[in-house]
Enquirer: 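First the structure, which I've put down as structure tokens, then a few questions once you've had a look.
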There are 2 protein chains.
Amino acid sequence: MITLSLLTDELGRIETSLHQAGLKLTPQRKATVKTLLKNHTRHLSAEELFALVKEDEPEIGLATVYRTVEVLAELKIVNRVTFEDGMTRYDLRTSDNGHFHHHLLCQKCGKVQEIHEDLLTDVEKQVWQRFGFKVLDHRLTLMGICQDCLAKEQQAKDDL
Amino acid sequence: MITLSLLTDELGRIETSLHQAGLKLTPQRKATVKTLLKNHTRHLSAEELFALVKEDEPEIGLATVYRTVEVLAELKIVNRVTFEDGMTRYDLRTSDNGHFHHHLLCQKCGKVQEIHEDLLTDVEKQVWQRFGFKVLDHRLTLMGICQDCLAKEQQAKDDL
DNA sequence: CTGTTTGCAAAGTCTTTGCACAATC
DNA sequence: GATTGTGCAAAGACTTTGCAAACAG
């Protein structure tokens, strides 16, 4: 969950980044960032983001949303992520997840869970030793069944 | 490298899969599969594949290439892979790489190298223990600098 | 005020689909 | 010969761009 004061903090931080780049915090951008903050676990696509931002800012156009996420990606405020559905999704980097994180994609309910633990240190060391490849960044998506869906499956079995 | 006899073997195996599904090995499909076999390390996009197949089969249409990879994906003969550029690429599963493999994407030269080692056993165990998430499949892309590019960089330094 | 930003609509990519003709088994 | 497959062109999904009007700093 995100608290109101945290939201204000992040917004301020982002406004500063924009201003340093000579850009403006327009109502449209503000609404877009707020929506991303409020849904920071959801990995929204452009269309989804557009639909949500419209609740706050009904006049906004889809093109503006695309342009805003473009700007935010350049300023490293959001990450662009592409899952196997080929659709680009956006994912805020809050102060506590500055480094890239991993995704657990549930194949039952479609939920995406982030994990911030650094699980790959060892893997990256191996890749360096065995292939001479110097790792700078990584994308890891694990597909499977989440805890909730497993519990539901178990429940269904018990009910028989 | 792929030898001629290996290519014939794989083609035969694929023809059988097609026939089992009531599908035909047309010249277009044959040319597409051959191109995929010959370039099995390259992770071709539809357009790239189309351009290459055209050398063998100049009459082929782009739509046919799309339909062919669709069929091949359903038969688990190719994997669909999406990198961060958002473009879908296709990647043959030969008999020796039936399980899903990882990718090393060089940010200097754009080359994609596959690694077949199973590096994630430990990671998947941790995810199960810590999050109760049951992993069924995974996608891992490591971005960085490949051995060749590192060597070139080193060379450039030495030349100064 | 001045350069940015916006909304709209038009254009661009990549991919899928409809249909009449052609080819395979 | 019946069914599956093909090429083309048209349509679809997602994203980008051009432009005049609106706005933030």
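The model shown is predicted, which means the values in this text are computed figures rather than measured ones. The chains referred to below are lettered A, B, ... by the order of the sequence lines, with proteins before strands, and numbering in each begins at 1.
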Enquirer: Please state how far atom CD in B:Q28 lies from atom C1' in D:dG7, giving the value in whole angstrom units.
Expert: 9 Å
Enquirer: Round to the nearest Å and state the distance from B:E70 atom CD to C:dT15 atom P.
Expert: 12 Å
Enquirer: In terms of side-chain heavy atoms of B:Y66, which of D:dG7, C:dC14, D:dG25 is nearest?
Expert: C:dC14
Enquirer: Find the distance B:E59:CD to D:dC8:C1' and express it as a whole number of Å.
Expert: 12 Å
Enquirer: Please check if the side chain of B:R29 supplies one atom and the backbone of B:K24 the other of a donor-acceptor pair under 3.5 Å.
Expert: yes
Enquirer: B:E124 and B:H138: side-chain donor and acceptor closer than 3.5 Å?
Expert: yes
Enquirer: Of the candidate nucleotides C:dC14, C:dT6, C:dG7, which contains the atom at the shortest distance from the side chain of A:R29?
Expert: C:dT6
Enquirer: Specify the residue among B:E57 and B:G22 whose closest nucleotide of DNA chain D lies further upstream toward the 5′ end.
Expert: B:G22
Enquirer: Can you measure A:Y90 atom OH to D:dC14 atom P for me and round it to whole angstrom units?
Expert: 12 Å
Enquirer: On DNA chain C, compare the nucleotides closest to B:E15 and B:M87; which residue's is nearer the 5' end?
Expert: B:M87
Enquirer: Below 4.5 Å, heavy atoms only, C-beta onward: do A:K30 and A:E15 meet side chain to side chain?
Expert: no
Enquirer: Describe the nucleic acid contact of B:R67 in one word from base, sugar-phosphate, nothing, applying a heavy-atom distance below 4.0 Å.
Expert: base
Enquirer: Figure out the CD/C1' separation between B:E47 and C:dG12, and round it to whole Å.
Expert: 13 Å
Enquirer: Could you check whether the rings of A:H103 and A:H43 sit parallel, tilted or perpendicular, using 30° and 60° as the cut-offs?
Expert: perpendicular
Enquirer: Can you measure B:R80 atom CZ to C:dC14 atom P for me and round it to whole angstrom units?
Expert: 16 Å
Enquirer: So, B:T64 side chain and B:I60 main chain: donor-acceptor pair closer than 3.5 Å or not?
Expert: no
Enquirer: Between B:K24 and B:L62, just flag the one whose closest nucleotide in DNA chain C comes earlier from the 5' side.
Expert: B:L62
Enquirer: Could you tell me whether the phosphate oxygens of D:dT4, OP1 or OP2, come under 4.0 Å of any side-chain nitrogen or oxygen in B:T26?
Expert: no
Enquirer: For B:R89 and C:dT13, what is the distance between atoms CZ and P respectively, to the nearest whole Å?
Expert: 17 Å
Enquirer: In whole angstroms, how far is the C1' atom of D:dT6 from the NZ atom of B:K30?
Expert: 18 Å
Enquirer: Which part of the nucleic acid does A:T88 contact within heavy-atom distance under 4.0 Å: base, sugar-phosphate only, or nothing?
Expert: sugar-phosphate
